[in-house]
Amino acid sequence: MSLRYVQAMQRSFSAVVRSRILSHQSDFRSISRGCDVFINHRGIDTKKNVAGLLFDHLTRIGLRPFLDSKNMRPGDKLFDEIKEGIRSSKIGIAVFSPRYCESYYCLHELAMMVENKKKIIPIFVDVRPSELHVKYSHSCPENELQRFNWALGEAKYTVGLTFDSINGDWSKLLRKASNAVIDNLIASEGVPMSDNQAA
């Protein structure tokens, strides 16, 4: 059996499984009423591009993403909604950007995702993992800084996607990110396969 044939079979199998998970979204909704993926991001950097486009793309393919500006309504309790969005999600996406670590809220959400043992898919937008550092602040308690450093270390040393917002291919980023989400949902849900698919 040639390597090219095996690779073609793997791609075919992967496409069948992806199709299966998307065609069974109603089953997943009955299993869990929460969201599929929580999108953690620095609004000032990525809300109108990466995070917003990713939310729209995931929604279009039948998934249920959580993005604060899209899921919350006037009158909602900010911290309660964020906490519930993270708690009910199956996986998280951390969209790292140049000013991400300046935000207490971004780091707090990231720490909650790590503490809740969520699988995190990092997307590094215009920033390298080595450039991400928690900045010391007199207004932030030492124990919170340690918590943020721990969560950031867990996430930034996870295999993720990198993207250059000026020269990058936006459609390719959305495709890769949604494939990563679907692959992780398949793993988290334990989607049953027929004998033909498993063969």
Side-chain angles (χ1 to χ4, degrees), residues 3-25 28 35-71 85-86 89-103 105-107 109-110 113 118-133 151-189 191:
L3 177 61
R4 193 170 288 175
Y5 175 79
V6 171
Q7 289 172 333
M9 289 298 290
Q10 287 172 334
R11 281 194 299 275
S12 173
F13 173 74
S14 180
V16 168
V17 174
R18 283 194 180 88
S19 165
R20 188 171 175 82
I21 195 171
L22 291 174
S23 69
H24 286 80
Q25 279 303 304
F28 294 137
C35 60
D36 295 308
V37 56
F38 183 92
I39 303 173
N40 164 252
H41 69 296
R42 180 78 197 268
I44 198 169
D45 289 340
T46 61
K47 190 180 298 294
K48 293 182 178 178
N49 49 58
V50 177
L53 289 170
L54 192 53
F55 176 90
D56 291 341
H57 182 72
L58 293 173
T59 301
R60 265 197 313 277
I61 65 172
L63 298 178
R64 297 165 301 171
F66 183 100
L67 184 67
D68 54 5
S69 62
K70 303 281 190 174
N71 294 76
I86 290 171
S89 66
K90 298 176 183 73
I91 60 174
I93 291 179
V95 182
F96 293 114
S97 56
R99 291 185 284 182
Y100 178 96
C101 290
E102 295 172 14
S103 169
Y105 299 105
C106 288
L107 294 166
E109 289 175 9
L110 181 66
M113 288 194 295
K118 301 300 178 183
K119 187 74 160 282
I120 298 174
I121 301 167
I123 302 178
F124 302 98
V125 180
D126 301 327
V127 68
R128 292 190 298 272
S130 60
E131 296 173 317
L132 295 168
H133 302 285
L152 185 62
E154 289 288 312
K156 76 178 186 177
Y157 296 120
T158 299
V159 176
L161 305 172
T162 58
F163 187 68
D164 176 343
S165 64
I166 295 174
N167 301 310
D169 182 331
W170 288 90
S171 61
K172 186 176 180 182
L173 172 68
L174 295 176
R175 187 171 62 252
K176 283 183 157 186
S178 61
N179 284 346
V181 167
I182 291 169
D183 288 344
N184 280 282
L185 285 173
I186 290 169
S188 71
E189 293 288 355
V191 177

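When a residue number appears, it is its place in the shown sequence, counting from 1. Computed from heavy atoms alone, side chains included, the values below leave out hydrogens, waters and symmetry copies.
Between Leu53 and Trp170, the closest heavy-atom pair is CD1-CE3, 3.7 Å. In this structure, Gly85 and Cys35 approach most closely via the heavy-atom pair O-SG, 3.4 Å. Considering every non-hydrogen atom in both Cys106 and Arg42, the closest pair reads SG-CA, 3.6 Å. Here the closest heavy-atom approach between residue Tyr100 and residue Val95 is recorded as CD1-O, 3.5 Å. Residue Ala94 comes nearest to Ile120 through the heavy atom pair CB-CG2, 3.9 Å, listed as atom of the first residue, atom of the second, then distance. Heavy atoms only, all atoms of each residue included: His133 and Cys101 are closest at O-CB, 3.2 Å.
Using a distance-only test at 3.5 Å, with no hydrogens or angles considered, a donor-acceptor pair links the side chain of Lys156 to the main chain of Leu132. A donor-acceptor pair under 3.5 Å links the side-chain atoms of Asp36 to the main chain of Arg64, judged by distance alone. With hydrogens and angles ignored, the 3.5 Å screen pairs no side-chain donor or acceptor of Ser89 with any backbone N or O of Gly92.
The line from CD of Glu109 to CD1 of Ile86 is 5.0 Å long, rounded to the nearest 0.5 Å. Between atom OG of residue Ser178 and atom CD1 of residue Ile61 there is a gap of 4.5 Å, rounded to the nearest 0.5 Å. With values rounded to the nearest 0.5 angstrom, Ile39 atom CD1 is found 10.0 Å from Phe66 atom CZ. The CG atom of Leu110 sits 5.0 Å away from atom CE of Met113, with the distance rounded to the nearest 0.5 Å. One distance of note links OG of Ser97 with CD1 of Ile123; it measures 11.5 Å at 0.5 Å rounding. Distance NZ/Lys176 to CG/Leu174: 12.0 Å, rounded to 0.5 Å.
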### Message
Determine whether His41 and Leu67 satisfy the following criterion, side chain to side chain contact (heavy atoms under 4.5 Å, CB included), listing intermediate values before the conclusion.
### Response
CA-CA 9 Å; His41 69 296; Leu67 184 67; 3.2 Å; yes
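Under the 4.0 Å criterion applied to side-chain N and carboxylate O atoms, Arg99 and Glu102 are not assigned as salt-bridge partners.
Val37 pairs with exactly one of Ile182, Asn184, Ile121, Ile91 by the side-chain contact (heavy atoms from CB on, under 4.5 Å) rule, that one being Ile91.
Side-chain atoms of Phe38 and Asn40, non-hydrogen and from C-beta on, do get closer than 4.5 Å to each other.
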